[in-house]
Amino acid sequence: MTTRERLRTVLPAGLAAVAAAAVLLPWWRADRGAVLLGAGPLEELAPDRWTGIEAAGPQAAVLGGLAVLAAVLALGVVARATGAAPPARLVLLARYAAVAAGAVAVAVAGTVLVDRGAGRAPGAWVALLAGSASLVAVIWLRGPTQRGRVAVVAVVVLAVVAVVAVVAVVPAVPQPPHRDAVGPFLPVAAVGPFPLRSGAAGLAAADDARPVLADGSPGLVSRAGIVVADDRGRAQVLARTDRGAPAPLGVAGDRLARWTSADTVTVSGLRPDDALHVVVRGVTEAGPVGADGSLWLRTDADPDETVRRLDLAERDGTQRLAATFLPVVTIQEPEPPVDVRAVLPVRNGGLRVLGATGGLELLTVTAVGLAAAPLAGTACAATGAAGLARVAADGTGVWFVVAGQDGDRLAHLDRRKPAAITTVSALLPGRVSALAAPGDGSLLFVASDAVGEALWRLPDAAAALSGTLGPPDCPVAP
């Protein structure tokens, strides 16, 4: 057996082994690391990485098995070549195993690169180049004879068969079910028990998950942290909640409000290099961040009836202040008293759900305090039942869900025209559990269908309104 023949057997197997070993390297890395939300300043965590084993799943195992087989056979050929000539069948098996491993490496690495993008991790490129080099080595080291030309055809055919077999038969990493647009509603990402990890196939959801537009992308904020979706529906984790820390109060644009101690609310950016760090002390209760970018709170130094307002956009730089320096919303409560934790701030007021009746009530700031009025007339206040999670407010009015015999629809109450409620004629794609108006004219909501939950987006909510209800139907309980 000549040196060229040995090299033709060993080199492709060695390159295939390099491609297989590359599955231990990172094949994808997030563009940025999440920030850790705890008691102190924001701390940036290392960007999430996915190895080839995680990114390719069972296909990585097939690649590893073929590479091991090629390496064992190649070593067997070399060992037999030290004495008598190795059997021709063993030589062919070693070369074809290397061809199969190289082809599978190219297919698996190429699939991951197309699916996830090039990223900033070298593993997939190492596997792609080593697999390609393995195929080239088999062809380049062939003999210049008719038999060599036949070998080239055999290599190409075997490579194609190996690629088709792996892609068609071996399962890839499980993916969430595909969803098409439903009328004007566009699917953003699957929602479920996914890992809170950038690059995951969907958005991790806790039991208190709320839709949000954070850092320019739609996503969810929950007790676990803040995660948004990219244009492929994959997760990008912006923030993780430290162990034992409470859930973030909410996000407005690129600003975040959160508890940092038992009596301190901190407003900061979503990036660790953001200079914004506003610490508000003396807070006893705080509610969620509304569509107007503010939250309502109470202090330990005010009378019990006093409610104050913290606007996340009004503060810049590094500040430390007592909550008593914030603007007052009211010093005289309506009946029943206001629970700021159950009020969604809107422009010049807030929305709340009355526990006894389940009706939606609008709280309007006046010169003498808060004026309370039913959201959609006395009938809705008396018989309506709605969860605040299924209510959203924008600059013109309030969005909520109404039930009909054929399914649920989105409805909009224009505060300037309280006599009528308009609806989106298209049925919602599922049962809505959370709704939000992020302030860019769109609506975000989480809906469950036959295959699970998903985050949806209505890009131009006002343009989708068409139908008009006579006597307004009240929102139904979730």
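Excluded from the calculations below are hydrogen atoms, water molecules and symmetry mates; all remaining heavy atoms, backbone and side chain alike, are included.
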Atom [atom1] of [X] and atom [atom2] of [Y]: how far apart are they, to the nearest 0.5 Å?
X	Y	atom1	atom2	answer
D300	R298	CG	CZ	13.0 Å
E43	R240	CD	CZ	12.0 Å
L256	L270	CG	CG	6.0 Å
D263	T299	CG	OG1	11.0 Å
L276	D273	CG	CG	12.0 Å
T260	H277	OG1	NE2	7.0 Å

**OP:** Answer yes or no on whether R116 is positioned over the face of W27, meaning its NZ or CZ is under 6.0 Å from the six-membered ring centre and within 45° of the axis.
**Re:** no
Pairwise side-chain contact, [X] with [Y], heavy-atom cut-off 4.5 Å (strictly under):
X	Y	answer
F445	V401	no
V265	R258	no
L213	P218	yes
V424	W399	yes
V346	L362	yes
V365	L370	yes
L321	L326	yes
W456	L428	no

Going by an N to O cut-off under 4.0 Å, is there a salt bridge joining [X] and [Y]?
X	Y	answer
D115	R234	yes
D311	R255	no
R271	D254	no

**OP:** Please indicate whether I331 has more than 12 foreign heavy atoms, meaning atoms of other residues, nucleotides or ligands, lying under 6.0 Å from its CD1.
**Re:** no
Original post:
Any chance CD of Q332 has more than 12 other-residue heavy atoms, nucleotides or ligands included, within less than 6.0 Å?
Top reply: no
Provide the closest heavy-atom pair for [X] versus [Y] in the form atom of the first, atom of the second, distance.
X	Y	answer
L435	A392	CG-CB, 3.9 Å
F400	V391	CB-CG2, 4.4 Å
P47	R29	CB-CG, 4.0 Å
A130	V18	CB-CG1, 4.0 Å
A323	V283	CB-CG2, 4.0 Å
A464	L458	CB-CD1, 4.0 Å

Subject >> Trace of the side-chain contact (heavy atoms from CB on, under 4.5 Å) decision for D339 with V343 >> reply: CA-CA 7 Å; D339 180 358; V343 173; 5.9 Å; no
Does any N or O in the side chain of [X] come within less than 3.5 Å of the main-chain N or O of [Y], such that one atom is a donor and the other an acceptor?
X	Y	result
R409	S425	yes
T241	R223	yes
R352	L363	no

Original post:
Is there a side-chain contact (heavy atoms from CB on, under 4.5 Å) between H412 and L465 once you walk through the steps?
Top reply: CA-CA 8 Å; H412 180 260; L465 290 171; 3.9 Å; yes
Subject >> Contact list for residues 178-193, test salt bridge (Lys or Arg N to Asp or Glu O under 4.0 Å), sequence neighbours left out >> reply: R179-D449
Original post:
Going by atom types alone, do S198 and R32 pair a side-chain donor with an acceptor below 3.5 Å?
Top reply: no
**OP:** Under the side-chain contact (heavy atoms from CB on, under 4.5 Å) rule, what do D292 and R309 come out as? Steps first, then yes or no, please.
**Re:** CA-CA 11 Å; D292 65 342; R309 179 176 180 269; 3.5 Å; yes
**OP:** Using the side-chain contact (heavy atoms from CB on, under 4.5 Å) rule, take E54 and W28 through it: C-alpha gap first, then chi angles, then the decisive distance, then the call.
**Re:** CA-CA 10 Å; E54 296 169 318; W28 183 87; over 6 Å; no
